[in-house]
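Here is the structure we will look at, set down as structure tokens.
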Protein chains: 2
Amino acid sequence: MRANSKAEILKILGDQTRLRVTHLLAASKKSLCVCEIVDALKLPQYQVSKGLVMLRRAGLVEVDRNGTWGYYHPNMTDDANAALFDFVKDYCVGEPFDSDIDALTGRLKLREGDKCVVGFVPEKKLRNLMRKKGIAA
Amino acid sequence: MRANSKAEILKILGDQTRLRVTHLLAASKKSLCVCEIVDALKLPQYQVSKGLVMLRRAGLVEVDRNGTWGYYHPNMTDDANAALFDFVKDYCVGEPFDSDIDALTGRLKLREGDKCVVGFVPEKKLRNLMRKKGIAA
DNA sequence: ATGTTATATGCAAATATAGGCATATAGGCA
DNA sequence: TGCCTATATGCCTATATTTGCATATAACAT
């Protein structure tokens, strides 16, 4: 846990990209792979990655690495953080937050054994991939 | 209500001065006079004033003017705002937030008929003023 | 080894923000 | 009228932040 002031933490959330990432992690009950977040938010990979670094440095999220893959989840060991994530989950409604959740839900169907097994999947490919896997949209 | 994104609103709270002002308004059940906020936070008047302007433009607070005096209070007509203020009240604990509340509590004892009747009161004068009024610290 | 993929990071330009000071505005009061 | 006080604001400078691109790192596959 770092010595970030509450204001510094809120400032980190005061950015559309980082708030969308935070909301996705707060709303999803799973640890999310970076590529899943990138696909759900349809943002450049470096933006998501930089956002995650800031969230991690602020003690808000934690990462489990599995080879080159990184799974992020909220750090709930701190009560203030838990309250923050609860708040974000409820506060961030409407667009683009709702669509982000929808896109993530679809993307998670590509998992196998609850693990991410594909990298970045441009929207075009998603349909084909899911048909190939015999998964309904 | 303005068309501020959630991220824009959180960015406004992501500043120590504005967060302290917001917390003071969230925690106090009263409308607060600008000079009371300035005295409680011991910040330059222009900083508090600028902060209040930003909070007001974001639709977070409202002001009732009474002559030259301005009384600010959270704008609770919006459910998302109400949740935000609830969150801030609980999230902002420790310093300087606790001391801010203490200082405000003392400062509010100078009110008469629940109205602010003195302007800026440098800490030195506060004691004398309260003795003169026969109020316990 | 070589290539491919997932993720992180260094750098530079454009832009935004905070902080401070002085001053404006405007109401109350002598 | 003129003075005092409460509050707001314009301007400036220093500093921080965002964004985009290119590239680094590191694991894995062939």
Side-chain angles (χ1 to χ4, degrees), chain A residues 4-5 7-21 31-58 61-72 107 110-111 115-122 125 129, chain B residues 4-5 7-21 31-58 61-72 107 110-111 115-122 125 129:
Chain A
N4 289 294
S5 77
E8 281 167 339
I9 289 184
L10 290 178
K11 180 183 290 188
I12 288 179
L13 296 190
D15 168 87
Q16 182 79 343
T17 296
R18 295 188 298 261
L19 186 58
R20 287 173 72 192
V21 170
S31 278
L32 298 180
C33 183
V34 177
C35 62
E36 290 171 331
I37 300 174
V38 169
D39 282 345
L41 304 187
K42 298 175 186 67
L43 288 175
Q45 173 267 329
Y46 67 83
Q47 273 190 25
V48 171
S49 186
K50 281 180 178 174
L52 285 167
V53 167
M54 294 183 70
L55 292 171
R56 190 153 46 81
R57 283 210 247 266
V61 306
E62 287 172 333
V63 59
D64 297 318
R65 275 195 217 289
N66 196 330
T68 49
W69 308 60
Y71 289 87
Y72 283 82
R107 183 56 164 75
L110 294 180
R111 283 192 173 191
K115 284 286 166 191
C116 179
V117 293
V118 294
F120 306 119
V121 181
K125 280 192 175 176
L129 243 166
Chain B
N4 288 295
S5 75
E8 281 167 339
I9 288 184
L10 290 178
K11 179 184 292 188
I12 288 179
L13 297 190
D15 168 86
Q16 182 79 342
T17 297
R18 295 188 298 261
L19 185 59
R20 286 172 73 191
V21 171
S31 277
L32 298 180
C33 182
V34 176
C35 62
E36 291 170 331
I37 300 174
V38 169
D39 282 344
L41 303 188
K42 298 175 186 68
L43 288 174
Q45 173 267 327
Y46 65 82
Q47 273 190 22
V48 171
S49 187
K50 281 179 177 176
L52 285 167
V53 167
M54 294 182 70
L55 292 172
R56 189 152 47 81
R57 282 211 247 266
V61 306
E62 287 172 333
V63 59
D64 296 319
R65 276 196 216 290
N66 197 330
T68 51
W69 309 59
Y71 290 87
Y72 283 81
R107 183 57 165 75
L110 295 180
R111 282 190 172 192
K115 284 287 166 191
C116 179
V117 293
V118 294
F120 306 119
V121 182
K125 281 192 176 176
L129 242 167

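In what follows, chains are A, B, ... by sequence order, proteins preceding strands, each numbered from 1.
For A:Q45 against C:dA8, a side-chain N or O and a base N or O form a donor-acceptor pair under 3.5 Å.
In this structure, CZ of B:R18 is placed 8 Å from C1' of C:dT17, rounded to the nearest angstrom. In this structure, A:K50 atom NZ and C:dC11 atom C1' are separated by 9 Å, rounded to whole Å. Between B:L32 atom CG and D:dA6 atom P there is a gap of 16 Å when expressed in whole angstrom units. Across the protein-nucleic acid pair, A:E8 atom CD and D:dT17 atom C1' stand 14 Å apart, rounded to whole Å. Rounded to whole angstrom, the span from the CG atom of B:D64 across to the P atom of D:dT7 amounts to 13 Å. The separation between B:W69 atom CH2 and D:dA6 atom P is 5 Å, rounded to whole Å. Atom P of nucleotide C:dT17 and atom CE of B:M54 are separated by 7 Å, given to the nearest angstrom. Distance A:Q16 CD to D:dT19 C1': 15 Å, rounded to the nearest Å.
Using a 4.0 Å cut-off, some side-chain N or O of B:Y72 falls inside it from OP1 or OP2 of D:dA8. Here A:Q47 reaches the OP1 or OP2 of D:dG20: one of its side-chain N or O atoms lies under 4.0 Å away. Taking only side-chain nitrogens and oxygens, A:T68 never comes nearer than 4.0 Å to OP1 or OP2 of D:dA27. Taking 4.0 angstrom as the limit, A:Y46 places none of its side-chain polar atoms (N or O) nearer than this to OP1 or OP2 of D:dA22.
Out of C:dT7, D:dA8, C:dT9, the shortest distance to the side chain of B:R65 is found at D:dA8. Closest to the side chain of B:F120, from the set C:dA22, D:dT7, C:dT9, is D:dT7. Candidate nucleotides C:dT7, D:dA6, D:dT9 were compared by shortest atom distance to the side chain of B:V53, and D:dT9 ranks first.
Interatomic distance, CD1 of B:I9 versus CG of A:L13, reported as 13.5 Å (0.5 Å rounding). Going from atom OG of A:S49 over to atom OH of A:Y72 covers 6.0 Å, rounded to the nearest 0.5 Å.
When both distances must be under 3.5 Å, the Watson-Crick or G-U wobble mate of C:dG28 is D:dC3. Nucleotide D:dA8 is matched to C:dT23 when pairs are restricted to Watson-Crick or G-U wobble geometry with both distances under 3.5 angstrom.
Between B:V118 and B:C35 the shortest heavy-atom distance is O-SG, 3.4 Å. The heavy-atom pair separating B:V117 from B:L110 by the smallest distance is CG2-O, 3.5 Å. Among all heavy-atom pairs drawn from B:Q47 and B:T17, the shortest one is OE1-OG1, 3.4 Å.
Both A:V118 and A:K11 sit near DNA chain C, but only A:V118 has its closest nucleotide nearer the 5' end. If A:Y71 and B:N66 are placed on DNA chain C by their nearest nucleotide, the residue sitting closer to the 5' end is A:Y71. Comparing A:D15 and B:V63 against DNA chain D, the residue whose closest nucleotide sits nearer the 5' end is B:V63.
Side chains of B:N66 and B:Y71 form a contact here, defined as non-hydrogen atoms less than 4.5 Å apart.
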